[in-house]
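Structure first, then comments.
Keep in mind that the numbers below use all heavy atoms, side chains included, and drop hydrogens, waters and symmetry copies. In what follows, chains are A, B, ... by sequence order, proteins preceding strands, each numbered from 1.
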Amino acid sequence: MVKLLLDGIEDPSIRYLNGYRAHGGYQSIEKAITMSPLDIVEEVKKSGLRGRGGAGFSTGMKWSFLDRKSDKPRYLVCNADESEPGTFKDRYLMEKIPHRLIEGMIVSSYALGVRHAFIYVRGELIWVAKHLEHAVGEAYSAGYLGNHILGSNFSLDLTIHVGAGAYICGEESALLESLEGKRGYPRIKPPFPAVSGLYGCPTVINNVESIAAVPWIVTHGGDAYSKIGVDKSTGTKLISASGHINRPGVYEIELGLPVEEFIYSESYCGGIKNGRALKAVIAGGSSVPILPAELILKTASGQPRLMTYESLNDGGFTSGTMLGSGGFIVMDDTTCIVRNTWNLARFYHHESCGQCSPCREGTGWMEKILHRIEHGHGTQADIDLLVDVSKKIEGNTICALGDAAAWPVASAVRHFRHEFEFHVRHPDQVTAPNHVANAAAYKYEEITHAKNND
Amino acid sequence: MPKITIDSIEVEVVQGTTIMDAARQIDPHTAPPAMCYHSGLNGSGGKCRTCLVKVVQTSETNPRPMPKLVPACRTLVEDGMKVENNSSPEVISARKGIVELLLINHPLDCPVCDQAGECDLQNLTFQHGAETTRYTEDRRRYPTKSLGNLIQLHMNRCILCFRCVYAADQLTDGRDHGVLNRGDASEIGTYIEKSIDNDFSGNLIDVCPVGALTDKTFRFKSRVWFTKPVYAHRQCETCCGKGVLWLKGHEVLRITGRRNAVGEVTEFICNTCRFESKSLHHWEVEGPAPIDQRSVISQNHYTS
Amino acid sequence: MNPTFSESTLSNINRLLSRYPADKRKSALLPLLHMAQAEFGGYLSPETMDYVAQLLTLRPIEVYEVASFYTMFHKQPTGKYVLEVCRTGPCALNGAESIIDYITRKIGVTINEISSDGLFTVKEVECLASCGTAPMMQLGERYIENLTEQKIDDIIDRLKHGERLDIEPNPENSILFRSCQGQSNG
C-alpha cells in the first residue's frame, strides 16, 4: 500500500518536529529553495494533483491562475474548515502529523511567491488548531518559518486562524470573508480569488490534503506522483469511512481501488456491520448523490466501480455520483432513506448562509416537505414538489451550497422513490412509535419499511 | 466599445458595463428584474437571483463557457457576448422559481401594506410569478421591533436584499443596523433596540424594494394611488433638495426621492427635506412627476 | 459592570493582533470573540460585544452581525458544561437520536435549556468531522467519541462531582480559545 500523506502515522512522535524529521520531514524545503518557484508549479501541474476539498480541480492549474503581475501581496490560505458530513480526514492528518501540512504550506508559499500564509481551522477543532499552533512554533524555532528560511532569501509567516461554527466557511470565498472578520458570505464571482482574494489581493486557497501532498511531489517529482493512481485520478486520496461498517476511519488509498474491495476488504471498511446487507452509499461527502448498492459496486454498464473521479462519475447523475471530499458513508438495509435525506436537508437548511434567495428559502422548504413525508403527513404530490424545489435551487445560487443541498434530495428520490411512496401510502407504519420516538436508524428493521416488504 | 446582443437586439456599451445596464439601455421595461441590485449602491446585487440570464456565447477573447445562468447585475459585458433574457424558457422558468421562493415566507399582506402600488415584489410577482402557491407550511414571522419614529420595520415582508445595509454604509455617517443571524432566520435589525437616526436615514425607506421599511410618518395615511406625486425642489444645505411631494389636495402626505425609469432613487435626500418639510410653502413645485403608465398610481389620470 | 479583559488576556490579544497585517485588525474578530466568551461568563452579552468592538475600533453592529452568524458564539447564558451532540448524517445512522434523547433524560433538561443545578446545557449541533467515531459530542475543547449510554453516565457523574475526565491534555500556552466555561480537561 502506498502511503504518502499518512506515512509514519503509527509513530506518535511524528506529531512533533523531531519525530517528523526522523521520518524524513522538511526535506522538500531544502530542495525547493534550490528550484525556481515556477518550476515547482510545473511539477505540481505534472503530478495531476486535483483539489481534495471536493471539486477535484487541478491544483497546478489553480496555482497558475494566480495573478503574479499584481504589485499587491499574495496570500496562500489553507482551507481546514472541514465540515462536510462524512468527512474527517483533514482533522486526522492535522491532529497526527501537523508538520506535514506546515511543510506543504512552506513549499507551496515558496512556489506562489507568498510571504504570509494562513491556515483556517474550523473553530470546533480547537485542540487541532492548538497542535498546529504548537507545531508552527517549532517550525519557527527550527528556521523553517520566519525570515530567511534556511538561509535563503525566502521569508514566510504562517498564521493559524480559527473559525466559529459555519459550514459555509468551507466555501473558499466565504472562508476569506470569515478570515477578514466578517460574516461567512460567499462572494459573487468573478473576480476569482486568484485575482482578488484575501484583503482584495491575489490568493490561492487549497484544501489541507492537497497542500499536504505537495512536499512529496517536490521531493519525488510530479512524474512519480502521476504514476500513482489511474488516468486523471493520480496519487493517493484520504477516504473518511463511516456509517454501518466494521472498521470506520481514515484510509489512504491509491486512486483506482475498486469500491467493492474498499467496502469489504479487511484492510479498509471490513464489510457491513452485524453481517447485514449493503443498501446505499454516499461516496464523497453528504453533498454528492446517494447511490444504491447495485450502482455503487458496478456502473450502469456493468463495469466495476473504482475509487476515482471518473469512475464514480460514470453515468453522470443518472447512475453515478462524485468522489467529492472522500466522505464515504455506508448504509445497511435497515436504513430509512427518507429519514436520512431529511436529516441531510435539515443540515443544509441549518447551514445556508441566507445571502441568496433560492438557497435561503429553498433549503428550508425542502426540509419541511421531507419532515412531512417522513412523519407520515406527506402526499404523492409532495414527492414531485420536493424534486421540483430542488431544481429551483440547483444552479441558481451564488455558491455551491445550493447544489450541495439539492443533489442529495434529488438523488434519493431518483433511486429510492419507492421508499418515499411507501411513506406516503402507509403513514400508519411510518408513524409507528419505534419509527418516530426511537428513531435510531438501527431499529428500523422492526418495521416493514423497505422495498421488499412493500 | 464592446457590443452585446440581448434577445437578438444588439447594443454597444462602454467597457465595464453590466449585462443589466446594457439591457436597461435597450429598454428599461424588458430588462431583467432587479430586487437587490441598485445602481446607486456600490456592491449591491447578485443576491436575489431574479435577474439571472443565459449567456449563450461569450467573447472570442475569453471564450470560457458559462453553463449556469448568471446574474445580469453582476456580470460584465464582453465584446461579442450573446445573452438570452426574456427569450429563454430556461430563464423564464428559473425566474418563476425564484419568485415562488421569494414569496413562500412573504406575508402577502398587500391590502394593509403601505408599499402596495409601488412595490417591486408586487410588480415582479405580477409579471413573473405563478397564480397560486404550493407552499402549505407556516410562514416565517418575526417579533415586532422598532427602529425609531421615522422608519417602520416590518421584518415579515423583508426579502433580505441588503440594499438598506449598503445604503446605511454609503449614505449615512455610520451604520447602526445590519443583517443578523443566519440562513432563513436572518433578519434586519439593530440587535439591541435602537432608533436609526441620522441625516440620511430616510433613504433606507426609498431603497427598500418591498414594504419592510416604510415611512412611519405616512403610515396608513393613504393608499399611494390616491395621492398625487409632484416634482419639487428647495434650497437645502445638506442634500440636493430635489424631491417628490405626494399630495392629497394641498396636503403633503409624504416626501420621497425621485426615481429613474427603473424605479431607483438616484439622488438621495436628507431627513430635513423628507420629514420636516411637509408643507407646500417649503417647496417650489415643478410639475407632475412622471409615472409609468402601467403603474396603478397612474390610473388616477391626475397627470393630465 | 463593564467587561474588561485581564492583563494576561490583553497581552495575548496583542500577540494575536501581531499575527495579522497591521491594517487588518478586524481579522482577529473571531478569535477575539472566542476569548471574550471564555472570559465573560461563557456567552456574549451585548456589553461584551460592545467591548470587543471598542478594542478593534469597529461599530458595534459589525460585531453583532458576526457573532449572530456563527453557531459557536452563545448569545444567551449556558450551563457550566455545554454538551454539544452531533445529530448529522453518519452520527444519526449510528444512533445519535437515541443518545441525545438519553442525555437529555439523564440530565433532565430539554435541548438548549440550563439544568436546574446550573451545570449543564445540551445542544444539538451539526457535523463535527468525527463521523468515524459516531455518535459523538463536543465538551469544551475536546471531542468525546463512540458514545454509549454507559459512557454518558460516567461523564455526567464525574462532571457532577467535579472530577476530571480522562482526556489527553492540549498543548499549553496557546492563545487560541474554545469559548466555554467548563474546560473538561483543565
query: Which value, rounded to the nearest 0.5 Å, describes the distance between A:Lys182 atom NZ and C:Leu29 atom CG?
result: 11.5 Å
message: Less than 4.5 Å to any heavy atom of chain A: does that hold for the side chain of C:Arg87, its backbone, both, or neither?
response: both
- request: Could you tell me the separation between the CD atom of C:Glu126 and the CG atom of A:Asn343, rounded to the nearest 0.5 Å?
  value: 7.0 Å
query: Between CG of C:Leu93 and CE of A:Met331, what distance do you get to the nearest 0.5 Å?
result: 5.5 Å
- prompt: If you measure from NZ on C:Lys24 to CG on A:Leu198, what distance do you get to the nearest 0.5 Å?
  reply: 8.5 Å
message: Would the distance check show the side chain of C:Arg142 and the main-chain N or O of A:Trp127 forming a donor-acceptor pair, the cut-off being under 3.5 Å?
response: no
statement: Separation between CG (A:Leu179) and NZ (C:Lys26), nearest 0.5 Å, reads 12.5 Å
query: Under a 4.5 Å cut-off applied to non-hydrogen side-chain atoms, are A:Arg346 and C:Thr88 in contact?
result: no
- prompt: Which atoms of A:Tyr75 come close to chain C, meaning under 4.5 Å heavy atom to heavy atom: side chain ones, backbone ones, both, or neither?
  reply: side chain
task: Check C:Tyr143 against A:Glu124 and note the closest heavy-atom contact, atom names and distance.
output: OH-CB, 3.6 Å
query: Which one of A:Ser83, A:Ser178, A:Ala241, A:Gly327 has the most heavy-atom pairs closer than 4.5 Å to chain C?
result: A:Ser178
- line: Interface check, chain A: of C:Ala28, C:Cys131, C:Ala134, C:Pro135, most non-hydrogen pairs under 4.5 Å belong to C:Cys131
task: Would you give the length of the straight line joining atom CD of A:Glu82 to atom OG of C:Ser130, rounded to the nearest 0.5 angstrom?
output: 10.5 Å
task: Measure the shortest side-chain to side-chain distance between C:Tyr20 and A:His116 over non-hydrogen atoms and say whether it is less than 4.5 angstrom.
output: no
- request: Could you tell me whether A:Arg91 and C:Glu145 have a side-chain N and a carboxylate O separated by less than 4.0 Å?
  value: yes
field: Among A:Pro248, A:Ser242, A:Cys353, residue most engaged with chain C (heavy-atom pairs, under 4.5 Å)
entry: A:Ser242
